[in-house]
Novice: 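I'd like to ask some things about the structure below.
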Amino acid sequence: MQRVRVSAHQAPVQKLGDSQITLSPKFRLAAWQSSSLSSQTSESEFSPCIEPLIPGLPDDIALNCLLRVPVASHSSCRAVCKSWHLLLGSKERFFTQRKELGFQDPWLFIFAFHKCTGKIRWEVLDLTSFSWHTIPPMPSKDRDCPHGLRCISIPFEGTLFVCGGMTSDMGCPLDLVVKYEIHKNRWSVMNRMLTARSTFASGVIDGCVYVAGGNSADLLELNSAEVLDPTDGQWHPIANMGAHMASYDATVLNGKLLVTEGWLWPFLFSPRGQVYDPKSDRWETMAAGLREGWTGSGVVVDGHLFVVSEHERMKLKVYVMETDSWETVPGAPVPEQICKPFSVNSEGRIIYIVGCNLHVAIGHLTRLKEKTNQKFLVQWQVVDAPKGFCDLKPLSSQVLIA
């Protein structure tokens with residue numbers, strides 16, 4: 001197990017960017033189109049009073065180099081010259097141009113709350129340089145209670161949605177929806193859900209956001225479900241679930257939304273589970289082995305469902321669809337620094353587990369040869385959070401690509 005220490009002194013938390021950006025009229029890079037970025041760019045793209053980005057290099061090559069500079073180094077690089085100050089001073093411009101040039105680096109967005117005050121906040125970990133950043137606060141003032149809402153991301157679009165939740169005073173579910181875009185570093189308020197709900201299932205299938213079940217205003221469980229098409233911003237009803245249920249966990253596997261209510265202590269009743277197929281707009285009962293072995297937080301990697309189990313020494317296990325059973329993944333259990341509650345997400349063949357105090361365990365999955373009985377091996381790496389994050393508990397973690 002590799003351990004990466006990131007202390008508050010060594011890596012201070014930085015702002016990812018200002019919530020409102022004003023563009024300098026002297027800086028012409030903002031007017032570039034994607035097609036022009038791949039072609040030769042003359043020095044006339046800049047105002048005559050601004051020096052080249054890197055003396056002796058064409059500006060398109062220099063731009064390609066500077067867009068690879070980690071955000072953690074921007075404050076230092078901005079002091080080099082006026083051209084660098086203008087380029088790296090606007091995170092909106094920086095991330096937009098990175099996207100146009102095809103750069104794809106993962107960022108881990110962690111939605112957390114302070115266990116004493118209950119105040120909610122977002123912390124962002126650059127998974128390339130392991131530096132921490134902040135983003136503007138969410139625009140909703142009604143959502144003071146940290147529990148019950150759901151965060152859903154579309155990683156390669158660089159967007160995440162925060163839906164539903166509860167008010168802190170009355171405990172009433174909310175129908176509010178807000179969206180964050182990493183390329184703009186801004187929040188925007190979306191159309192409300194058709195039904196106010198909390199503690200519900202959510203997932204993204206083919207670029208559309210699905211929500212289902214949860215608790216209603218009278219604290220009864222719901223069976224309704226709906227879908228958001230981000231292109232038009234409208235919510236549409238879909239088929240009702242086969243049971244009224246709140247969600248403990250949910251994920252998307254093979255184009256279907258899997259919803260489980262999870263085990264409750266003491267284990268008196270077998271958990272219920274539902275599976276939604278958007279192609280047929282139908283719900284069906286989850287297979288018995290799948291729902292009964294789903295004893296933790298699930299994440300899909302390489303077309304396989306993995307669960308970080310809360311009851312088997314926090315070992316990672318994988319679901320075998322052919323036999324409707326679960327197998328323990330070889331390798332060490334989740335590092336002991338990662339304490340419950342935790343949140344799980346993934347990108348590629350890497351699993352990210354955020355624990356109490358926002359320490360992050362990074363699980364590197366390796367596919368084994370077919371001759372062995374086991375299909376995967378996991379190796380863990382730990383990223384320590386700054387000391388200022390003590391007393392923070394994660395509610396959700398989402399990977400965005402930018």
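We count residues from 1, following the sequence as given.
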Novice: In terms of relative ring orientation, are H74 and F94 parallel, tilted or perpendicular, with 30° and 60° separating the classes?
Specialist: perpendicular
Novice: Side chains of L127 and Y352: closer than 4.5 Å at any heavy-atom pair?
Specialist: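 Yes, their side chains come closer than 4.5 Å.
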Novice: Any luck finding a side-chain donor-acceptor pair between E327 and S325 under 3.5 Å?
Specialist: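 Checked: E327/S325 side chains show no N/O donor-acceptor pair below 3.5 Å.
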Novice: Would you tell me whether S131 and H133 have side-chain atoms, one donor and one acceptor, within less than 3.5 Å of each other?
Specialist: yes
Novice: Show, in sequence, the C-alpha distance, side-chain angles and deciding distance for D277 and R282, and conclude whether the salt bridge (Lys or Arg N to Asp or Glu O under 4.0 Å) test is met.
Specialist: CA-CA 6 Å; D277 186 350; R282 295 181 59 183; over 6 Å; no
Novice: Between V318 and K375, is any pair of side-chain heavy atoms under 4.5 Å apart?
Specialist: no
Novice: Give, for atom CG of N345 and atom OG of S396, the distance between the pair rounded to the nearest 0.5 Å.
Specialist: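 N345 CG to S396 OG: 7.0 Å, rounded to 0.5 Å.
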Novice: Please name the pair of heavy atoms, one in V300 and one in L253, separated by the smallest distance, quoted to 0.1 Å.
Specialist: CG1-CD1, 4.0 Å
Novice: May I ask you to decide if H244's main-chain N or O and R272's side chain share a donor-acceptor pair within less than 3.5 Å?
Specialist: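 Between the backbone of H244 and the side chain of R272 there is a qualifying donor-acceptor contact (under 3.5 Å).
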Novice: Of the non-hydrogen atoms in F200 and C163, which two are nearest, and what is the gap between them?
Specialist: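 Heavy-atom minimum between the residues: CZ-O, 3.4 Å.
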Novice: Shortest non-hydrogen contact from L149 to G164?
Specialist: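 Scanning both residues completely, I find the closest heavy atoms to be CB-O, 3.7 Å.
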Novice: Please work out whether the ring planes of W122 and W187 are parallel, tilted or perpendicular, with thresholds of 30° and 60°.
Specialist: tilted
Novice: For the residue pair F109 and Y180, does the interplanar ring angle fall in the parallel (under 30°), tilted (30 to 60°) or perpendicular (over 60°) class?
Specialist: tilted
Novice: Are there over 12 heavy-atom neighbours, none belonging to Q234, within less than 6.0 Å of that residue's CD?
Specialist: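 For Q234, atom CD is crowded (more than 12 foreign heavy atoms under 6.0 Å).
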Novice: Would you say the side-chain atoms of W294 pair up with the backbone N or O of T260, donor to acceptor, closer than 3.5 Å?
Specialist: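 No, the answer is negative, given that no donor and acceptor are paired below the 3.5 Å cut-off.
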Novice: Do Y210 and W235 have ring centroids that are under 6.0 Å from one another?
Specialist: no
Novice: Decide yes or no for L316 and I351: does some side-chain heavy atom of the first lie under 4.5 Å from some side-chain heavy atom of the second?
Specialist: yes
Novice: Does either side chain, that of E292 or that of S270, offer a donor lying less than 3.5 Å from an acceptor on the other one?
Specialist: yes
Novice: With side chains defined as the heavy atoms from C-beta onward, is the minimum distance between V177 and R192 less than 4.5 Å?
Specialist: no
Novice: Determine, stepwise, if the pair I353 / V360 fulfils side-chain contact (heavy atoms from CB on, under 4.5 Å).
Specialist: CA-CA 6 Å; I353 305 176; V360 181; over 6 Å; no
Novice: Would you say the side chain of D229 lies within less than 4.5 Å of the side chain of V227, judging by non-hydrogen atoms?
Specialist: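 A side-chain contact under 4.5 Å is absent here.
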Novice: Could you tell me whether the side chain of K393 reaches within less than 4.5 Å of the side chain of K340, counting heavy atoms only?
Specialist: no
Novice: How long is the span from the CD1 atom in I54 to the OG atom in S83, to the nearest 0.5 Å?
Specialist: 10.0 Å
Novice: List the steps and the verdict of side chain to side chain donor-acceptor pair (under 3.5 Å) for K184 and T96.
Specialist: CA-CA 8 Å; K184 297 181 179 179; T96 298; over 6 Å; no
Novice: Could you report the tightest heavy-atom contact between L222 and A196, atom names first, then the distance?
Specialist: CD1-O, 4.0 Å
Novice: Would I110 and W132 count as a side-chain contact (heavy atoms from CB on, under 4.5 Å) here? Give the steps.
Specialist: CA-CA 11 Å; I110 303 170; W132 291 91; 3.8 Å; yes
Novice: Between the main-chain N or O of L86 and the side-chain N or O of R93, is there a donor-acceptor pair closer than 3.5 Å?
Specialist: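 Yes; judged by distance alone, with no hydrogens or angles, the pair exists.
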Novice: For S343 and S397, indicate whether the former's side chain and the latter's backbone hold a donor-acceptor pair under 3.5 Å.
Specialist: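 Side chain of S343 to backbone of S397, a donor-acceptor pair under 3.5 Å: yes, one is there.
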Novice: Would the distance check show the side chain of W326 and the main-chain N or O of G289 forming a donor-acceptor pair, the cut-off being under 3.5 Å?
Specialist: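 Present.
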Novice: Please confirm whether the ring centroid of H359 lies under 6.0 Å from the ring centroid of F389.
Specialist: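 Distance test on ring centres: not under 6.0 Å, no.
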Novice: Should F161 and K179 count as side-chain neighbours, where that means a heavy-atom distance under 4.5 Å?
Specialist: yes
Novice: How long is the span from the CG atom in L365 to the CG atom in D302, to the nearest 0.5 Å?
Specialist: 8.5 Å
Novice: To the nearest 0.5 Å, what is the distance between CG on D391 and NE2 on H114?
Specialist: 4.5 Å
Novice: Let's go through V299 and T251 carefully: what are the C-alpha distance in whole Å and the side-chain angles of both, what is the deciding distance for side-chain contact (heavy atoms from CB on, under 4.5 Å) to 0.1 Å, and is it a yes or a no?
Specialist: CA-CA 7 Å; V299 64; T251 191; 5.8 Å; no
Novice: Test S224 against R197 for side chain to side chain donor-acceptor pair (under 3.5 Å), laying out the working first.
Specialist: CA-CA 10 Å; S224 63; R197 61 183 82 226; 3.1 Å; yes
Novice: Just by distance, do the side chain of D249 and the backbone of G262 share a donor-acceptor pair under 3.5 Å?
Specialist: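 Answer holds: no.
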Novice: On a heavy-atom basis, which atom in L174 and which in M193 lie closest, and how many Å separate them?
Specialist: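 Closest pair (atom of L174, atom of M193, distance): O-CE, 3.7 Å.
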Novice: Can you label the angle between the Y276 ring and the W283 ring as parallel, tilted or perpendicular, going by 30° and 60°?
Specialist: tilted
Novice: Is there a side-chain contact between N191 and L228 (heavy atoms, below 4.5 Å)?
Specialist: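 A side-chain contact under 4.5 Å is absent here.
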Novice: Are the charged groups of E261 and R291 less than 4.0 angstrom apart, N to O?
Specialist: no
Novice: Might you confirm whether atom CG of D206 has over 12 heavy atoms from other residues, nucleotides or ligands at distances under 6.0 Å?
Specialist: no
Novice: Between atom NZ of K119 and atom CG of L392, what is the distance when rounded to the nearest 0.5 Å?
Specialist: 14.0 Å
Novice: What's the separation between atom CG in D105 and atom CZ in R68, rounded to the nearest 0.5 Å?
Specialist: 9.0 Å
Novice: Looking only at atom types and distance, does a side-chain atom of S216 sit under 3.5 Å from a main-chain N or O of L220, one as donor and one as acceptor?
Specialist: yes
Novice: Is a donor on one side and an acceptor on the other found under 3.5 Å between the side chain of T167 and the backbone of C172?
Specialist: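 At least one qualifying donor-acceptor pair exists.
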Novice: Search all heavy atoms of V204 against all heavy atoms of V252 and return the closest pair with its distance.
Specialist: O-CG2, 3.5 Å
Novice: With distance as the sole test, does Q274 use its side chain to make a donor-acceptor pair with the main-chain N or O of G242 at under 3.5 Å?
Specialist: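 Yes, because the side chain of Q274 sits within donor-acceptor range (under 3.5 Å) of the backbone of G242.
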Novice: Do Q381 and H364 get their side chains close enough for a donor-acceptor pair, meaning under 3.5 Å?
Specialist: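 The criterion, which ignores hydrogens and geometry beyond distance, is satisfied for H364 and Q381.
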Novice: When you look at H183 and R98, which way does the side-chain contact (heavy atoms from CB on, under 4.5 Å) test go after all the steps?
Specialist: CA-CA 9 Å; H183 302 111; R98 278 178 56 86; over 6 Å; no
Novice: Tell me if the aromatic rings of F306 and Y319 count as close, with their centers under 6.0 Å from one another.
Specialist: no
Novice: Look at the side chain of K317 and the backbone N and O of G293, then say whether any donor-acceptor pair between them is shorter than 3.5 Å.
Specialist: yes
